[in-house]
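Here is the structure we will look at, set down as structure tokens.
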Amino acid sequence: MKLFDFFRHKKKQIKEEEPPIILNPSDDLFDTIQQEFISKATSNAEKIVRAFNPKYDGAFDYSIRSLNVLDSLIEDFSDFADVSDEEIIEDFCAQAGSYILEVARRNYGGVYFWEDNLKQPMLKTGLPEFEISILTFEKVKNRIVNGDEDNIPYFFKGYSECVRKAEKGNTVTFV
């Protein structure tokens, strides 16, 4: 028996994959999932609104302008990030990131999806004509770590311009 004959005679066990579930925006399941995402994103964003709106004179109104105030809040938070544990930082990033996503959704529309690799929600705007996606949790974390070079209003301005100028077939992701 030759050395590799052993491998040649083994039958590979083929695991049948289940076909992926394809959701159409007109499906009830799709609507249910979207409502769940919107509810969770809004709930997370509302934590920022409830906690900081009084301090910032009601500026957290989901307007694009309110992202300047959010950017200031993130900058203030970054002063304490060194003494905060990872869970607090991740929670803050999720709340601030959800606020940005909700600003995007309320101003430009879009559909939520889950990004498995980055373990965070993503908002896709313009479907089915074009697909401009935005992910925000890592962006908030980078703003905390890197400072003004990861400015949130500048980041969002790029997203906004891309959505406004998008043409059929365009696919862009902002991370």
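Every value quoted in this text rests on a predicted model; they were computed, and no experiment measured them.
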Item to check | Shortest non-hydrogen separation from S63 to V103 and the atoms involved | outcome: O-CG1, 3.8 Å
Item to check | Residues Y99, N44; criterion side-chain contact (heavy atoms from CB on, under 4.5 Å); working and verdict | outcome: CA-CA 7 Å; Y99 184 84; N44 243 352; over 6 Å; no
Checklist entry - So, does N170 use its side chain to make a donor-acceptor pair with the main chain of F130 at under 3.5 Å? => result no
Checklist entry - How far does CD of E102 sit from OG of S43, to the nearest 0.5 angstrom? => result 10.5 Å
Checklist entry - Has the side chain of T136 got a donor or acceptor atom that lies under 3.5 Å from a matching backbone atom of G97? => result yes
Item to check | salt bridge (charged side-chain N to carboxylate O under 4.0 Å, His left out) evaluation trace for K124 with E115 | outcome: CA-CA 11 Å; K124 293 185 179 201; E115 168 48 53; over 6 Å; no
Checklist entry - Quick one: does I88's side chain get under 4.5 Å of F80's, heavy atoms only? => result no
Next on the checklist: Is there a continuous path of hydrophobic side-chain contacts, each under 4.5 Å between heavy atoms, that joins I152 to V49?
Outcome noted: yes
Checklist entry - Which distance, rounded to the nearest 0.5 Å, do you find between the CD of E131 and the CZ of F113? => result 7.5 Å
Next on the checklist: Same cluster or not: F155 versus V175, using hydrophobic residues (I, L, V, M, F, W, Y) connected whenever any side-chain heavy atoms lie under 4.5 Å apart?
Outcome noted: no
Item to check | Intermediate values then yes/no, side-chain contact (heavy atoms from CB on, under 4.5 Å), L135 and F137 | outcome: CA-CA 6 Å; L135 294 117; F137 290 17; over 6 Å; no
Checklist entry - Can you name the nearest heavy-atom pair linking W114 to K119, along with the distance? => result CZ2-C, 3.3 Å
Next on the checklist: Within a 6.0 Å radius of atom CD on E149, are there more than 12 heavy atoms belonging to other residues, nucleotides or ligands?
Outcome noted: yes
Checklist entry - Are Y108 and R164 close enough that a side-chain donor and a side-chain acceptor fall under 3.5 Å? => result yes
Checklist entry - With distance as the sole test, does N53 use its side chain to make a donor-acceptor pair with the main-chain N or O of D61 at under 3.5 Å? => result no
Checklist entry - With a 4.5 Å heavy-atom cut-off, do F174 and V163 have their side chains touching? => result no
Checklist entry - Distance only, no hydrogens: is a donor on one side chain within 3.5 Å (strictly under) of an acceptor on the other, for S72 and Y56? => result no
Checklist entry - Which heavy atom in A59 sits nearest to a heavy atom in S66, and how many Å separate them? => result O-CB, 3.1 Å
Next on the checklist: For the CD1 atom of I100 and the CD1 atom of I134, what is their distance to the nearest 0.5 Å?
Outcome noted: 7.0 Å
Next on the checklist: What's the separation between atom OG in S160 and atom CD1 in I132, rounded to the nearest 0.5 Å?
Outcome noted: 11.0 Å
Next on the checklist: Within this structure, what is the CD1-CG distance for the pair I144 and D79, rounded to the nearest 0.5 Å?
Outcome noted: 11.0 Å
Checklist entry - If we only count heavy atoms from C-beta on, is the T42 to R106 side-chain gap below 4.5 Å? => result yes
Next on the checklist: Quick check: do Y112 and L101 have side-chain heavy atoms less than 4.5 Å from each other?
Outcome noted: yes
Checklist entry - Side-chain contact, heavy-atom cut-off 4.5 Å: D71 with D148? => result yes
Item to check | CA sep, side-chain torsions, deciding dist, call: K139, I74, side-chain contact (heavy atoms from CB on, under 4.5 Å) | outcome: CA-CA 11 Å; K139 188 64 178 177; I74 296 169; over 6 Å; no
Next on the checklist: Is it the case that the side chain of T125 and the backbone of G109 share a donor-acceptor pair, with hydrogens and angles ignored and the cut-off at 3.5 Å?
Outcome noted: yes
Checklist entry - Which class fits the ring pair F156 and Y159: parallel under 30°, tilted 30 to 60°, perpendicular over 60°? => result tilted
Checklist entry - How far does NZ of K141 sit from CD of E86, to the nearest 0.5 angstrom? => result 4.0 Å
Checklist entry - Are any non-hydrogen side-chain atoms of L70 and F52 less than 4.5 angstrom apart? => result no
Item to check | Y154 backbone acceptor or donor facing N151 side chain under 3.5 Å | outcome: yes
